[in-house]
Amino acid sequence: MKKSIIKSTGMFVPPNVITNHDLEKMIDTSDEWIKQRTGIEQRYWIDGETGASDLGFEASKIALENAGWTAQDLDFIIFATLSPDIMFPGSGCLLQAKLGLDSTPALDIRQQCTGFLYGLATADAYIKSGLASKILLVGGEVHSSGLDKTTRGRDITVIFGDGAAAVCIEGVETDKQAGVLSSALHADGNLASALMTELPASRLPIRLPRDISLDDPRYFPVMDGPAIFKKAVRMLPKVIKESLEKAQISLDEIDLIIPHQANMRINQALGQFLKLDDNKIFHNIQKYGNTTAASIPIALHEAMEQGLIGKSGDVVLFTGLGAGLTWGSVIYKFL
Ligand code: UT7
């Protein structure tokens, strides 16, 4: 049977570094608070007109080059984002055109922080069913243009960063145990309001009222941070266990856990709960903040560049929880 093999990765962040000290000048916050509560030291924000597909395009060019593929080799594109360039069409179509293509199918998925997990599981299903064999999976986000950059929005504004990463995935015929070994995905839409941006909303009789007021907090992301934090600490160990059972492997066989980078404290709590050595959990939130759908593939790219994973037989576990709510875990073994 064909296995879904990661051929290459690529990442891109915009050049504009925003440190915690820069945010201190904008809103009532402090470097100390941000570092202590989240682990974040800086993030990258776009400067000027740049969409998620533009960041994704830069990351994709690197991933394609690293795979030795051209865009014409692709037979499917999956774009995970909660911050599409425009209301519609999706960023996957916009990226496809930027890649110089005109008929390759492109699918957008709106799974927020778990976009990469849902995307990887989808890519795996496409490969195993024979529907595709060379897939580009991208996670890309531009948060900075939609944040409430006043003290009212400080809990969220300090955590989100812009960025993108791309992964080339190929269906390879092999009897070896390799590729995506298991995936466990979940959602609970009853908790949608715990983290959302409500407006513009097509469910309203008039989606964009004439008197749009940026004093209306519904135009900005709102989050019940403490509730999501507790949910993550409770649900991530469970979903990790579920994916291990599905793959029929033990936690000891995992070489590295790459969690969604939402809060350093969530990932440290996860490590303590699982009784893992610190070097078994990857962190780079200090450099990028929370880039939602881009966070896991950016971390994957960096972990591979640092030589922490990537050798034949290495096993990596991806996990995360975020808006939806959605959460999940995917286990991958390098060929
Ligand atoms: O990726 C999507 C999924 N999202 C997550 O996983 C996020 C999970 N939640 C979190 O990471 C944390 O809840 C936050 C980092 C968002 C907030 O940290 P917290 O320790 O839960 O703080 P809190 O919301 O309970 O607020 C504590 C205090 C409050 O002040 P009072 O009421 O105690 O006086 C807040 O107003 O901290 C205040 N605060 C801030 N102070 C300085 C909130 N944001 C800030 C800020 N700077 N940026």
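- When atom types are taken as modelled, the side chain of T157 and the backbone of D148 share a donor-acceptor pair closer than 3.5 angstrom.
- The cluster map of Ile, Leu, Val, Met, Phe, Trp and Tyr, joined by side-chain heavy atoms under 4.5 Å apart, puts F116 and L64 in different clusters.
- Geometrically, K61 engages F57 in a cation-pi contact defined by less than 6.0 Å to the ring centre and at most 45° from the axis.
- Of all heavy-atom pairs spanning A165 and I298, the tightest one is CB-N, 3.5 Å.
- Dense packing is recorded around NZ of K149, with more than 12 heavy atoms of other residues, nucleotides or ligands lying under 6.0 Å away.
- A donor-acceptor contact closer than 3.5 angstrom links the side chains of S83 and E141.
- For the pair F160 and L147, the minimum side-chain heavy-atom distance is below 4.5 Å.
- With a 4.5 Å cut-off on side-chain heavy atoms, M11 and Y288 count as touching.
- The shortest heavy-atom contact between S144 and W45 is CB-CG, 3.3 Å.
- S8 places a side-chain N or O within 3.5 Å of a backbone atom of A63 that can act as its donor or acceptor partner.
- In summary, E170 and K3 do not engage in a salt bridge, as defined by a charged side-chain N under 4.0 Å from a carboxylate O.
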Begin with the C-alpha distance, continue with both residues' side-chain angles, and end with the deciding distance and a verdict on side-chain hydrogen bond (donor to acceptor under 3.5 Å, both in side chains) for K2 and S133. CA-CA 9 Å; K2 277 197 172 169; S133 63; 4.7 Å; no
Would K311 and D255 count as a salt bridge (charged side-chain N to carboxylate O under 4.0 Å, His left out) here? Give the steps. CA-CA 11 Å; K311 293 188 309 299; D255 294 293; over 6 Å; no
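- Here the side chain of N20 pairs a donor or acceptor atom with the backbone of I40 at under 3.5 angstrom.
- Within a 6.0 Å radius of CD in E65, no more than 12 heavy atoms belonging to other residues, nucleotides or ligands are found.
- A donor-acceptor pair under 3.5 Å is absent between the side-chain atoms of T50 and the main chain of D47, judged by distance alone.
- Taking CD1 from I135 and OG1 from T104, the interatomic distance works out to 12.0 Å, rounded to the nearest 0.5 Å.
- Between F318 and Y332, the distance separating the two ring centers is not shorter than 6.0 angstrom.
- A continuous path of ILVMFWY side-chain contacts below 4.5 Å connects M223 to W33, so both sit in one hydrophobic cluster.
- The minimum heavy-atom distance between I77 and G92, with the atom names listed, is CG2-O, 4.5 Å.
- F76 places a side-chain heavy atom less than 4.5 Å from the side chain of P105.
- Using a distance-only test at 3.5 Å, with no hydrogens or angles considered, no donor-acceptor pair links the side chain of D216 to the main chain of S213.
- In summary, the side chains of N284 and E302 do present a donor paired with an acceptor at a separation below 3.5 Å, with no hydrogens or angles considered.
- Using bins of under 30°, 30° to 60° and over 60° for the plane-to-plane angle, the ring pair W327/H186 lands in the parallel bin.
- Contact between L99 and S60 at its shortest, heavy atoms only, is CD2-CB, 4.3 Å.
- With contacts defined as side-chain heavy-atom distances shorter than 4.5 Å, the pair I86/L94 qualifies.
- At distances below 3.5 Å, not a single donor-acceptor pair connects side-chain atoms of Q248 with backbone N or O atoms of E245.
- Hydrophobic clustering places I254 together with V239 (ILVMFWY residues linked when any side-chain heavy atoms are closer than 4.5 Å, directly or through intermediates).
- Hydrophobic clustering, with ILVMFWY side chains joined whenever heavy atoms are under 4.5 angstrom apart, groups L101 together with L95.
- Of all non-hydrogen atoms in A247 and I331, the two that sit nearest each other are CB-CD1, 4.1 Å.
- With N66 contributing its side chain and T9 its backbone, the two residues share a donor-acceptor pair below 3.5 Å.
- A donor-acceptor contact shorter than 3.5 Å links the side chain of S129 to the backbone of Y126.
- The closest side-chain donor-acceptor pair between R43 and N16, if any, does not fall under 3.5 angstrom.
- Side-chain contact check for Q42 and K287: no donor-acceptor pair (N or O, by modelled atom type) lies under 3.5 Å.
- Side-chain contact annotation: S4 with D124, donor-acceptor N/O pair under 3.5 Å present.
- T319 and H260 share no side-chain donor-acceptor pair at under 3.5 Å.
- Side-chain contact annotation: S91 with S53, donor-acceptor N/O pair under 3.5 Å absent.
- A donor and an acceptor atom, one from each side chain of T19 and D22, are located under 3.5 Å apart.
- Residue A80 comes nearest to A293 through the heavy atom pair O-CB, 3.4 Å, listed as atom of the first residue, atom of the second, then distance.
- Enclosure of atom CG in L208 by more than 12 non-hydrogen atoms of other residues, nucleotides or ligands within 6.0 angstrom is indicated.
- When hydrophobic clusters are built by joining Ile, Leu, Val, Met, Phe, Trp and Tyr residues whose side-chain heavy atoms come closer than 4.5 Å, directly or via intermediates, I285 is not grouped with Y44.
- Remark: the Y118 side chain and the Q112 side chain contain no N/O donor-acceptor pair separated by less than 3.5 Å.
- In this structure, K333 does not pair ionically with D314, as no charged nitrogen and carboxylate oxygen lie closer than 4.0 Å.
- With hydrogens and angles disregarded, a donor-acceptor distance shorter than 3.5 Å links the side chain of Q261 to the backbone of P259.
- Checked by atom type and distance alone, the side chain of N263 pairs as donor or acceptor with a backbone atom of R37 at under 3.5 Å.
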